[in-house]
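Everything on this sheet refers to the single structure shown next.
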Amino acid sequence: MIRKRVGLPRATTALGLLATLLLTACAAPGTPGTSTTGSTSGAAPAPAGPAGGEVRIGTIFPLTGNLAFGGNESFLGTDIAREIINERGGIWGGKQIVFVKADAPDQTAATNEMNRLITREGVKLVIGSFSSAIAFTASAVAERNQVIFWENHGVANDIARRGFKYLFKTNINAAGTGGGAAVYARELAPKLGLDPKSMRVAIAWEDGTYGTSVGKSAAEKAAELGLNVVANESYNAKATDLSSLILKLKSLNPDVLIVAGIGSDAVLFWKQARDLNLNVKAVVATSGGWGVPGFAENVGEAANGIFSSDFPTDVNPKALNEAAAKLQSEFINRFQARTGRKPTGNAWLAFAGTMLLFEHVLPRAGAMDVEKIREAALALDLPLGSMVNGYGVKFNPPGHPEAGLNTRSFSVVLQWQNGGMKVVYPENLANSQPIMVPLPSWDQRQR
Amino acid sequence: MAILLQLIASGLLLGSLYSLISVGLTLLFGVLRLVNFAHGEFLMLGMYAAYWLHQAFGLEAYLALFVVGPLLFLFGLAVYQLVIKRTMGAPNVARIFATVGLAVVLQNSALALWTGDFRQIQSPFASAVLRLGEVQVNLSLVVAFAITTAVSLALFAFLKWTYIGKAIRATAQDRGAALLMGIDINRVFLVTYATGIALVGIAGALLTPTFAVFPAVGANFSLVAFVVVVLGGMGSIPGALLGGLIVGLVETFSGFYISPALKQAFYFILFILVLAIRPQGLFGQRGAEEFGFK
Amino acid sequence: MYAPSRDNLVQTASPPAAGLYRRYYPGALGLVGLVVLPLAIRSPFYQELLILVFLYAALASAWNLVGGYAGQFSLGHAAFFGIGAYTSSLLFVRYQISPWAGMLAGVALATLLALGIGYLTIRLRGPFFTLATIAFSEVLLILAVFFRDVTRGSEGLSIPFTPATANMMFHGKLPYVYLMLFLMLTVLAISFWVERSPMGYRLIALREDEAAAEAVGVDTLRAKLTATALSAALTAVCGTFYAQYFLWLEPQYAFSLDLSTQVALMAIIGGMGTVWGPVLGSALIIPLSLFLRGALGNAHSGLYLIIYGALLIVVVLFLPEGMVAAIRHLYQRLPGRAAPARR
């Protein structure tokens, strides 16, 4: 190998550059008085309340990398809650809430960032995290350091099955969304004129953390309900082609398809299902990539008719209490003002869970005291319809096998109708009726 | 029988996309001896360029590629002058990591500029399906197949008959001799690099009707492109074409008959086997793998 | 082949021996410093920083044995890391076998795999070898996801926190700091030994010119396989240590190309084929990425990574042979120093 000598001036410059950089990097965040926090939206810093002081709360989401789309969306929902509370005058006698934002594109980063938030930034409460994998690791660090981890998203069943004391999970598990898909498939059977025992069900799921937990829950529930499962296939969400999967499913001739996709794989799946003429009588998806606005933008008309066992979005306001109903429209307006589109299920979860924390938990706790916040959260007993997405609140107490899980969370069934998602099940939350049952074949549809 | 034909058709069309993505990579591989880990990110830029041209001017992806190609060519010139040129004498590992750094910068610049949302062009081609008996294929894939062929022929002609093309081939075969014959090697590298980037940009534009674009999309395609290039023999354009088709077929067949979850493993295994048995690849110069790049 | 031993160097007391003697000084001082340093650090944030720096330094040093000394540029070391991490963790979670024993099982598996890979790819050079190693680790990643009955697949493998020395789990971070320090020093000692052993000379000979090495009678096949196996075994040990600290594994990280790339990057930035290079690389990259993310994470999504990537480019452009070479070069140019003795 021919090696070039490193010239002295170049080497000196580079080493000097590196040393300076390291020094500044090390010095900047640690220097007393220089806060690395600030307004998280990139706008002007939030004005300090007249009563003075601020409340520092950590947030951790995957803001870069593969999950960036969901992480940023969820952060936005969280941030709008902060904005509303601060405009109302903050909490605890006029203190403004300030987020210390952390980016965790993978699990090692999640551990590092949690340590930074807790030990360097000194936060006692962290909100997260969109991704199940990140929720897992981040909450473990919080638990070890006795810091509250407020999880509004991660659906993997095991997150709340580790006996953690400082973890609160406001939303439903994979068992809820995945299992909910199987339950709804069974509900559909009579409408399709089929016997649930002989109705052919195919399950396909992406093999990441999300799809695996949801797909597995769907398969378990389907077996429990005695459905005739003819396929249970996994695939990689990064695959550039799903035609072999589609053809395999097609050869099994399913009546109903249960699918768990995380992102753009959902778009690819459905486009290729159309190209290869895979006809089924109903599709029940499980949120993820099938439930984001990008899905309909990308597949167009073909989205209509697809069901999704999903997180509640803009549920029928009649099912909400007065305060929640008011908040619902306020959230939609603010979200639209910031992005020009409607919030997705994940943004709703983020907003609803964070508002719960800011409106009901922190005021009762009265101060940034971990034990008081725990007590305040555990003492909550709010009926269904109290949270802006229709959830009620009752956390499982410590010692329960699913300690910290909100028992009054649930999944709903949404359906793509005219390019938007409508709540069609259960009845009391529905803002629309199911359409296109059974799903017309591709030949009958306008392509 | 119908399923067999369908699998072949789907596999070949998928493979042609892989071929097109890999042609640019094999050129960089063969001439500059550069393992370009930022290849997927240039593909991503090509996809975004086509997407924004479509959003701003309503330009169809198949017309956009005439703009995207030159655009990425210019971008390639700039990147070469700023980064790649300075690595030409450096050890191979330093060059690999310069492209890794480039990939990180490009991917996160896209994230900062255009967010992590999935974006896709709605094209009449993308929703049209051709049916030949039992076999059905998406029109946009057929068009991509045709364009791949056309681009490859054009590239072949460029390398065969133009002066700079001949210079590129000479440099690929023997750098020292090319230098002695009075070829301006730096210029050859510059043009080759920019051409390689332009080719992958064109591939990106062609993908937009079929695939959504987002900042991390490149990673999904870059590994398979490496497989194709080595399978076909580095630096060989017919090799890249054939390699792409083979990988497409392997993926489709193993996905159908064995498991969709394992299909990527099969082309990696095929790749390892080819390297173990015929290390120079299908069309590669014998012994290239033994000398490596010095 | 001549192998310098410390005894005869001291006895002869020739100028190079004195030079060598002097060269051990900073090393010994540094060692004492490393052992004392963790005691002075109370903040868990900095303790974790040390843990990561030591762990990745160990990984990069293990990689350096095959990537640096033998010049076999692998980007598939995550395969060995994942095998080590998953073997010991699965044995522990499913059969309550101590990770210390599980670690040995992981080492055995990784060594076998390394020999298999080495045998298949032995003729390959340069990018061909690199790409083949990537393919291997990708196949393992896919298999680890697919056989979820064994590995729990993408749902991830969570290791219950049951602190005990036998379980390689401890309260607080300080024991981990020393655990990782011990790991790093072990790998460094092995590197040091390899560099000065006949095997080291064989490896360097084959890296510089394989045909010439063979001509003078070096069994290149055996040298390469030995280096690969040793490197894989040490990487597997690092995998076990990682798992016992983080207590959570998923295939997408343990077998990832990102991990392989990061480890190789540290060795390169620091200086491939040198004992201290990987340590310097890790001590630079880990704090840099952590502090950049901390300082700029609040700003626009991705900004800190743009800066990180740009820095990466600058460093490899200006220091293509790594920091150790640059420092050595500077040192030799200091006023009053004799002309460079090496090279």
Side-chain angles (χ1 to χ4, degrees), chain A residues 1 3-6 8 10-15 17-18 21-22 25-26 28-29 36-38 40 42 63-64 68 71-72 99-103 105-109 111-113 115-116 118-121 132-133 136-137 140 144-145 156-158 162 207-213 216 234 236, chain C residues 43-49 52 71 142 145-146 148 152-156 158 160-161 207-209 242 246-250 252-253 256 258-259 284 287-302 304-305 311 314-315 317-321 323 325-327 329-330 333 343:
Chain A
M1 195 179 284
R3 296 201 163 183
K4 250 175 62 182
R5 279 261 175 103
V6 184
L8 182 61
R10 286 177 98 194
T12 326
T13 324
L15 279 176
L17 189 78
L18 272 175
L21 249 157
L22 259 185
C26 294
T36 58
T37 60
T40 48
L63 303 173
T64 55
N72 285 295
F99 281 159
V100 188
K101 196 170 163 186
D103 171 22
D106 60 59
Q107 51 160 329
T108 311
T111 312
N112 298 157
E113 287 291 271
N115 273 306
R116 178 176 70 85
I118 295 168
T119 63
R120 298 197 82 204
E121 304 287 351
S132 294
F136 252 109
T137 29
R144 279 198 219 176
N145 289 285
N157 294 322
D158 290 347
R162 293 173 294 171
D207 61 14
T209 313
Y210 170 78
T212 305
S213 39
K216 207 169 134 186
S234 64
N236 188 321
Chain C
S43 154
F45 177 79
Y46 285 103
Q47 286 179 333
E48 171 147 309
L49 185 64
L52 290 176
I142 293 166
V145 168
F146 185 75
R148 56 185 177 279
R152 289 189 47 80
S154 299
E155 282 188 286
S158 175
F161 183 59
R207 176 186 74 197
E208 295 301 328
D209 192 333
Y242 172 94
F246 283 95
L247 303 180
W248 160 260
L249 284 177
E250 60 173 357
Q252 282 85 350
Y253 183 77
S256 68
D258 275 356
L259 177 67
L284 178 79
L288 184 67
S289 50
L290 245 62
F291 286 118
L292 271 182
R293 189 165 56 208
L296 298 171
N298 263 337
H300 219 69
S301 290
Y304 73 93
L305 284 170
L311 272 177
V314 169
V315 172
L317 284 187
F318 286 96
L319 302 174
E321 290 182 56
M323 288 159 62
I327 290 169
H329 201 78
L330 279 180
R333 293 280 185 99
R343 284 203 281 156

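Chain letters run A, B, ... following the sequence lines, proteins first, then strands; residues in each count from 1. All values reported here derive from a predicted model rather than from experimental measurement.
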So OG1 of A:Thr111 and CD of C:Glu48: to nearest 0.5 Å the spacing works out to 6.5 Å
Could you look at [X] and say if it's the side chain, the backbone, both or neither that has a heavy atom under 4.5 Å from chain A?
{"X": "C:Ile142", "result": "neither"}
{"X": "C:Glu155", "result": "both"}
{"X": "C:Leu49", "result": "neither"}
{"X": "C:Ser289", "result": "neither"}
{"X": "C:Leu259", "result": "neither"}

Would you check if the distance from the ring center of C:Phe246 to the ring center of C:Tyr253 is below 6.0 Å?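 When the ring centroids of C:Phe246 and C:Tyr253 are compared, they turn out to be at least 6.0 Å apart.
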Engaged part of [X] at the chain C interface, taking heavy atoms whose separation is under 4.5 Å:
{"X": "A:Ala140", "result": "neither"}
{"X": "A:Thr209", "result": "both"}
{"X": "A:Asn145", "result": "neither"}
{"X": "A:Asn157", "result": "neither"}

Closer than 3.5 angstrom, by distance alone: can the side chain of A:Asp103 be matched with the main-chain N or O of A:Leu63 as a donor-acceptor pair? yes
Ignoring hydrogens and geometry, is there a side-chain-to-backbone donor-acceptor pair from A:Ser132 to A:Ala156 under 3.5 Å?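 Checking the backbone N and O of A:Ala156 against the side chain of A:Ser132, a donor-acceptor pair under 3.5 Å is found.
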Who among A:Asp207, A:Thr64, A:Asn236 has the most heavy-atom pairs with chain C under 4.5 Å? A:Asp207
Taking A:Gly208, A:Gly211, A:Ala68 one by one, which has the highest count of heavy-atom pairs under 4.5 Å against chain C?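 Ranked by heavy-atom pairs under 4.5 Å with chain C, first place is A:Gly208.
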Which heavy atom of C:Gln252 sits nearest a heavy atom of C:Ser154, and at what distance? NE2-OG, 3.0 Å
At their closest point, which heavy atom of A:Arg116 faces which heavy atom of A:Lys101, and how far apart are they? NH2-O, 3.3 Å
ring-ring contact (aromatic ring centres under 6.0 Å, His included) partners of C:Phe45, counting only residues at least two apart: none
Check ring-ring contact (aromatic ring centres under 6.0 Å, His included) between A:Phe136 and all other residues, then give those that pass, not counting sequence neighbours.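 Expected list: C:Trp248.
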